[in-house]
Amino acid sequence: MPRSASSRELTVRGLILGALITVVFTASNTYLGLKIGLTFASSIPAAVISMAVLRMLGGGSILENNMVQSQASAAGTISTVFAVFPALILVGHWARFPFIETAGLTAIGGMTGVLFTIPLRRALVTESSLPYPEGVAAAEILKVGQEAVEAGGNHRGLMALLSGAGLAAILSFATGGLRLLADGASLTLTLGSGIFRLSTGFSPALLGAGYLVGISGGLAMLTGYALSWLIAVPWLTAITPNPHHLEASAFATSIWLHDVRFIGAGAIALAAFWTLGELALPVIRGVREALSTTTLRSDTDRDLSPRTILLTGSVLALAFMGMLAVFLWPFTTSVLSAALFGTLFLFVFGFLTAAACGYMAGLVGSSSSPISGIVLIATVMVCSLMLLMEHLGALPAAFAANDHHLAIAFAIVILSGIVASASISNDNLQDLKTGQLVGASPWKQEAVLLLGCGVGALVVPIVLNLLYQAYGFAGALPRPGMDPTHALAAPQPAIVTMIASGIFRQNLDWTMLAIGAGIGIALIVVDRLLRRRNLALPPLAVGIGLYLPPAVSTTLAVGALLRWFLDRRRKTAHHGADDGTMIASGLVVGESLMGVALAAISGLSGADDLLALGTGAAWWNSAAAMLGFLALCLWFVRHVLRAPAS
């Protein structure tokens, strides 16, 4: 008996649509990442696009839409390898991005991330109370979209979603497209020799994400901001010489970039290891259940079979070893030990990273989960282990030649697999949360996630080569005579290059990382004490607040405080598809979709100011943006409080 249209889940047209959306999101995220160092979560806009297209094609169930967004979001997320591969250009090892090597390493790393999420699904999704803001938002969008086409659908919820999305898109277009509004405002103050900064952003998406995160995560992010810009930066600017006589704002920014973010990375690392310890038992139980062949489960609680997982993992391990051996072969014939080391590091550290990233994504959302911090931790670990093995004589002698040039390049290649794996784990658990809420089959989602990684990996080297040839990277231009002011900043690859070179050449300052680890210990103690009073201050979220730009942390906190205020006014916390959740989801959707459109225009035109009517830098741009943001918050509050009780 054929399945009804409402139960169709894995379809050919869905796979084709997911692949097409993949190309757009992968290209857009790669461009944005190299331009500003940030990306957008693609699951929500993928869900919206999927619903619209499948409705035009006729039919389209909530389960089919979920599969499309799962595939597309995986591919859009795998573009995070932009944080590593350009480092091979910066160190002078590559002059371009070879297609087979770049696509192969990206696909293998991403697919291992999918495999790692399978045993983590029960520990971090099914049996967890983590909020998963984007995952919940995507599920609500799929639900109201389905209800809207059924008799008696909840049109009020859909209108709330569309209203939030429309307002967010308008504000985002005025900010990023027309440049009539500033994206944030800051005030730099001095007290003696110390420099402080009060900062906020005007992003509708971050406001919505903060609402979905809730008060504990939001206040933790705000605490991270306070530790960063009200304590660490003033202290360091007061005791650090300013030999280049930078003005106060530039000097404070330099201190934050080169010192305080490393404190945040240290805090994240310590808190992540603590979290892994807390998660050890549920993770082990999840692994045991995932590999159990005796437990029978329903289709909505069944993962890929143990045989499929083990076979796929074995093939990926051999493929990664082969890629590493091919990378080293022109420079040394002693490749076995190094290739084996890289493969073991990917599968051991990659799984631990998947657990940490999944927890962080569940806590604060994929958009705000600091993959860059994981990149820093992985860079330190792989380079330190390689240096130790080199001293023990376990790695080829060629690694030490030419001031460790080959060792640095090889470490970056290993990191590419780790970053792809971590970013996919970070995003896929959001997708699996969405699937849980809409009644999807986990094993089918896991299959399309693997497919999404493969399709997205094919796009990455093409986009990287196009962007490098068109703009170049700061510090590395492909042709003489190019204008360096138009080069893409590529901030994460620059940091990876600095850390890897510093460790191998033994000139890296470990002080800030150690300070961050100490802060992480203190945060764990504080969180434990607060939990005795039914309060919480998640240490990972505080570390994230230390690491992320201040405008991100403060805007997320505003959204969280808005949620707290509305819950108190309504006397009870609302969950699910209430108007507040739908508006917050709409804010994320609207800015995400507008971000895709503006990124596509920038990529096609080669200019990020093609539509600009202003500069966005004048005081009136900031004033107008603040008024628009406050008006949005006021409208949000009035709409939710005036809505009838669900």
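Position 1 is the first residue of the sequence, and the numbers go up from there. It should be emphasised that the depicted structure is a prediction, and the values quoted were computed from it without experimental measurement.
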**OP:** Measure across L181 and A625 and return the closest heavy-atom pair with its distance rounded to 0.1 Å.
**Re:** CD2-N, 3.7 Å
**OP:** Applying side-chain contact (heavy atoms from CB on, under 4.5 Å), name anything that partners A205, two or more places apart in sequence or on another chain.
**Re:** S203, E591
Subject >> pair F196-L191: side-chain heavy atoms closer than 4.5 Å >> reply: yes
Subject >> Any L189 side-chain heavy atom under 4.5 Å of R197 side chain >> reply: no
Original post:
With a 4.5 Å limit on heavy-atom distance, are the side chains of Q69 and D431 in contact?
Top reply: yes
**OP:** Locate the shortest heavy-atom distance separating I78 from S423; write the atom from each residue and the value.
**Re:** CA-OG, 4.4 Å
Original post:
CG of L206 to CG of L587: how many Å apart, nearest 0.5 Å?
Top reply: 10.5 Å
Subject >> side-chain contact (heavy atoms from CB on, under 4.5 Å) between L198 and L230, worked out >> reply: CA-CA 8 Å; L198 303 177; L230 303 183; 4.1 Å; yes
Original post:
Say you draw a straight line from OH of Y225 to CG of L556; how long is it, rounded to the nearest 0.5 Å?
Top reply: 14.0 Å
Original post:
How would you list all residue pairs meeting side-chain hydrogen bond (donor to acceptor under 3.5 Å, both in side chains) that involve residues 620-636, not counting sequence neighbours?
Top reply: none
**OP:** Would you check if F202 and L632 make a side-chain contact, meaning some heavy-atom pair closer than 4.5 Å?
**Re:** no
Subject >> Over all atoms of both residues, closest heavy-atom pair of G135 and L437 >> reply: O-CD1, 4.5 Å
Subject >> R261 and S228 side chains, donor-acceptor separation under 3.5 Å >> reply: no
**OP:** Nearest 0.5 Å please: distance from the CD1 atom of I263 over to the CH2 atom of W256.
**Re:** 12.5 Å
**OP:** State whether the side chain of S172 and the backbone N or O of M594 hold a donor-acceptor pair below 3.5 Å, judged by distance alone.
**Re:** no
**OP:** Check the pair H639, I583 against side-chain contact (heavy atoms from CB on, under 4.5 Å), reporting the backbone distance first and the verdict last.
**Re:** CA-CA 9 Å; H639 189 101; I583 292 173; 3.4 Å; yes
Original post:
T554 side chain to S199 main-chain N or O, any donor-acceptor pair under 3.5 Å?
Top reply: yes
**OP:** Would you confirm whether Q445, through its side chain, and A440, through its main-chain N or O, come within 3.5 Å as a donor-acceptor pair?
**Re:** no
Original post:
Okay, side chain of T237, backbone of I195: is any donor-acceptor separation there less than 3.5 Å?
Top reply: yes
**OP:** Please round to the nearest 0.5 Å and tell me the distance separating atom CG of L449 and atom CG of L432.
**Re:** 6.0 Å
**OP:** Can you see which heavy atom on L63 is nearest to which on V438, and at what distance?
**Re:** CD2-O, 3.5 Å
Subject >> Minimum heavy-atom distance between V81 and P86, given as atom pair plus value >> reply: O-CD, 4.2 Å
Original post:
Under 3.5 Å, is there a donor-acceptor pair between the K433 and Q430 side chains?
Top reply: no
Original post:
Should the heavy atoms of other residues, nucleotides or ligands under 6.0 Å from CG of L187 be counted, would the total exceed 12?
Top reply: yes
**OP:** Would you check, one step at a time, whether the test side-chain contact (heavy atoms from CB on, under 4.5 Å) holds for L219 with W564?
**Re:** CA-CA 11 Å; L219 289 183; W564 174 81; over 6 Å; no
Subject >> Validation row: Y132, V125 side chains within 4.5 angstrom (heavy atoms) >> reply: yes
Original post:
Does the side chain of N65 come within less than 4.5 Å of V68's, by heavy atoms?
Top reply: no
**OP:** Check whether any side-chain heavy atom of C633 lies under 4.5 Å from a side-chain heavy atom of L207, and answer yes or no.
**Re:** yes
**OP:** Any chance you could measure Q71, atom CD, to L17, atom CG, to the nearest 0.5 Å?
**Re:** 8.5 Å
**OP:** Mind checking side-chain hydrogen bond (donor to acceptor under 3.5 Å, both in side chains) for D259 and listing every partner two or more places apart, or none if nothing turns up?
**Re:** none
**OP:** Begin with the C-alpha distance, continue with both residues' side-chain angles, and end with the deciding distance and a verdict on side-chain contact (heavy atoms from CB on, under 4.5 Å) for F636 and V640.
**Re:** CA-CA 6 Å; F636 194 142; V640 173; 3.5 Å; yes
**OP:** Please check if the side chain of T555 supplies one atom and the backbone of V552 the other of a donor-acceptor pair under 3.5 Å.
**Re:** no
**OP:** Determine whether T223 and L537 make a side-chain contact, defined as any pair of heavy atoms from C-beta on separated by less than 4.5 Å.
**Re:** yes
Original post:
So how far is it from L611 CG to R179 CZ, rounded to the nearest 0.5 Å?
Top reply: 9.5 Å
**OP:** Please report the shortest heavy-atom distance between D527 and P538, naming the atom on each side.
**Re:** OD1-N, 3.8 Å
